[in-house]
Amino acid sequence: MNDKTIWLKTLDNIKNILDPLPFNTWFSPIEFLDIKDEKLRLVVPYILYKEHIEKIYKDLILENINKFVNNSIKDVSFILKDNLDSIIKEELEIKEEKNDNLYETESHINFKSNLNKSYTFSNFVVGESNKFAQAAALAVAENPGTMYNPLFIYGNSGLGKTHLMHAIGNYIEEKQHKKVLYVTCDQFLEDFMGLSRKNNNDNLDYMEIFKEKYRNIDVLIIDDIQFLGGASASQQEFFHTFNNLHNNSKQIIVSSDRSPEDLKALEDRLRTRFCWGLQVDISPPDYELKVAILKKKLKGEKIALDDDIINYIASNVGNDIRQLEGSLTRLVAYSCIMGETNPNVEFAMEALKDFTKKPVTDQNNIRRIQKSVANFYKISFEDIKSKKRPPNIAIPRQVAMYLCRKLTDEPFERIGIEFGGKNHATVMHSCNKIERELKNNKELQEAITAIEKELR
């Protein structure tokens, strides 16, 4: 058995021992790293997991994994996900000091794609903000080197660019058995600048070994290319690498936090080449996509959350998908620790107070306005949030939206959510309509004045 299989069998044993709720809460987010020097190394998402699992479950893990390895594992180490990259980097530097031959001539035998196997097309949640990027990525995966070369994906951090790039690489490896290399821009720079640190007395041509790594492949995927700016020698080498791959119909996939035109620190010839293929942007997720992401992630948890909680998280946590998923993990963990098997919205507010982007009172302000308008027009609170369209309901609803926009700092999207999931265009239209009516409609002027007075 390989090390990963040993860990999976250990998990199966523990799953049969623990109740489903604690197992899914504490063990499902764990990622296997390796078994090294008689030590099992696992990756956990937050310090809460590290402290709790070390205290409560470490002995249980050791006991069960040693059933498969003849008691050869003496310890378990829990590594925070945020610290993983720096730990791996440090280990590579230590290894480099012991053996300066980082680019061994046999590197093609031990070639690593660096792909994260958990990032696939099947678990990428598609919505309006990313469906074009997802379709373009799949087209490239199905026809590497022939369609959209290079593929340039850009957008803010935490919107799914890296997920899509790994999904392309995994698809090509699995379906077409081609050689794929994924690196961050920092890794590319380290590899290139590391050439100057090599010992020239060992008779190895490190530049040729570098070229072997980056050019003897079928697909090159580079993340965060914006960090190449300012490194002129590295830009020149990347330019030649790009040309070599492109001329040989090898697929190039690049991501950035901005479009090629905005990468002012890069040479013009590089920015021009990024425009040869297809540029796709990923926008921040809308409300519907955030709900879909939360519901998909929730399927792996053994806890029930009603739609009000999902809506609250989608409305109040920012647009970073990592933060969105992290808030759900936090809520599940908080529920488990507090012994709450059926959390409500108030419980979620308390658990996620460090995640929410606005004070809870903003939501109460919207509801106060809705209730005041409903009372003034003598309709129910439910009617004002409904989809009913008779004038005696539609007009008060538009008035309420207008007052929410005027009296709170909430955006159109957030107001729409509180009115039964209306989109921002509907809210904007309602506000504009009331503003126009106010210029000549004395009755409406008096109504809004009366409602505002009551609210004050």
Next item on the list: Using distance alone, with no hydrogens and no angle criterion, decide if T120 and N170 have a side-chain donor and acceptor under 3.5 Å apart.
Entry: no

Notebook entry, point to check: Taking everything shown except K81 itself, do over 12 heavy atoms lie less than 6.0 Å from its NZ?
Noted result: no

Next item on the list: Could you tell me whether a side-chain N or O of K388 sits under 3.5 Å from a main-chain N or O of K385, the two making a donor and an acceptor?
Entry: no

Next item on the list: Taking all heavy atoms of H166 and all of N116, pick out the closest pair and write down the distance.
Entry: ND1-N, 3.0 Å

Notebook entry, point to check: Is the backbone of L270 close enough, under 3.5 Å, to the side chain of Q235 for a donor and an acceptor to pair up by distance?
Noted result: no

Checklist line | Which atom of Q279 lies closest to which atom of F132, heavy atoms considered | finding: O-CE2, 4.4 Å

Item checked: Test item: D218 side-chain N/O and K179 main-chain N/O as donor-acceptor pair under 3.5 Å -> yes

Next item on the list: Mark yes or no for whether N244, through its side chain, and H240, through its backbone, hold a donor-acceptor pair below 3.5 Å.
Entry: no

Next item on the list: Report the C-alpha separation of D224 and T184 in whole Å, then their side-chain angles, then the decisive distance to 0.1 Å, and conclude whether the side chain to side chain donor-acceptor pair (under 3.5 Å) test is met.
Entry: CA-CA 6 Å; D224 290 323; T184 64; over 6 Å; no

Check: Under the ring-ring contact (aromatic ring centres under 6.0 Å, His included) criterion, do F192 and F238 qualify, and how do the steps go?
Finding: CA-CA 9 Å; F192 180 72; F238 181 74; over 10 Å; no

Check: Are the side chain of R397 and the backbone N or O of I384 linked by a donor-acceptor pair below 3.5 Å?
Finding: yes

Next item on the list: Please work out whether the ring planes of F274 and F152 are parallel, tilted or perpendicular, with thresholds of 30° and 60°.
Entry: tilted

Next item on the list: Determine, using ring centers only, whether F188 and F227 are less than 6.0 Å apart.
Entry: no

Next item on the list: Output yes when a side-chain donor or acceptor of K178 lies under 3.5 Å from a complementary backbone atom of I172, and no otherwise.
Entry: no

Margin query: Ring centroids only, cut at 6.0 angstrom: are F27 and Y57 within range, meaning strictly under it?
Written below: yes

Notebook entry, point to check: Would a 4.5 Å heavy-atom cut-off, applied to side chains only, mark V44 and L80 as touching?
Noted result: yes

Next item on the list: May I ask you to decide if D12's main-chain N or O and N16's side chain share a donor-acceptor pair within less than 3.5 Å?
Entry: yes

Check: Got a sec: does the NZ of K67 have more than 12 other heavy atoms crowding it under 6.0 Å?
Finding: yes

Note to self: Among residues at least two apart in sequence or on other chains, which ones pass side chain to side chain contact (heavy atoms under 4.5 Å, CB included) with F121?
What the structure shows: Q134, A137, L138, A141, L164, A167, I168, Y171

Check: D307: what forms a salt bridge (charged side-chain N to carboxylate O under 4.0 Å, His left out) with it, not counting sequence neighbours?
Finding: K295

Item checked: Contact summary for Y402 and C431, nearest pair of heavy atoms -> CA-SG, 3.8 Å

Next item on the list: Would you mind telling me which of T162, D223, N114 makes a side-chain hydrogen bond (donor to acceptor under 3.5 Å, both in side chains) with Y182?
Entry: D223

Notebook entry, point to check: Under 3.5 Å, side chain of K36 to main-chain N/O of R41, donor-acceptor pair present?
Noted result: no

Checklist line | T25 versus A333, closest heavy-atom pair with distance | finding: CG2-CA, 4.0 Å

Notebook entry, point to check: For N248 and R215, does a side-chain donor sit closer than 3.5 Å to a side-chain acceptor?
Noted result: no

Item checked: Pairs meeting criterion side-chain hydrogen bond (donor to acceptor under 3.5 Å, both in side chains) with involvement of residues 148-160, two or more places apart -> N149-Q251, S157-R322

Margin query: Tell me if a side-chain donor or acceptor on D308 pairs with a main-chain N or O of N311 at a distance below 3.5 Å.
Written below: no

Notebook entry, point to check: Do D286 and S129 get their side chains close enough for a donor-acceptor pair, meaning under 3.5 Å?
Noted result: no

Check: Taking N130 for the side chain and A133 for the main chain, is one N or O donor matched with an acceptor at less than 3.5 Å?
Finding: no

Checklist line | D75 with K58: basic N within carboxylate O range, under 4.0 Å | finding: yes

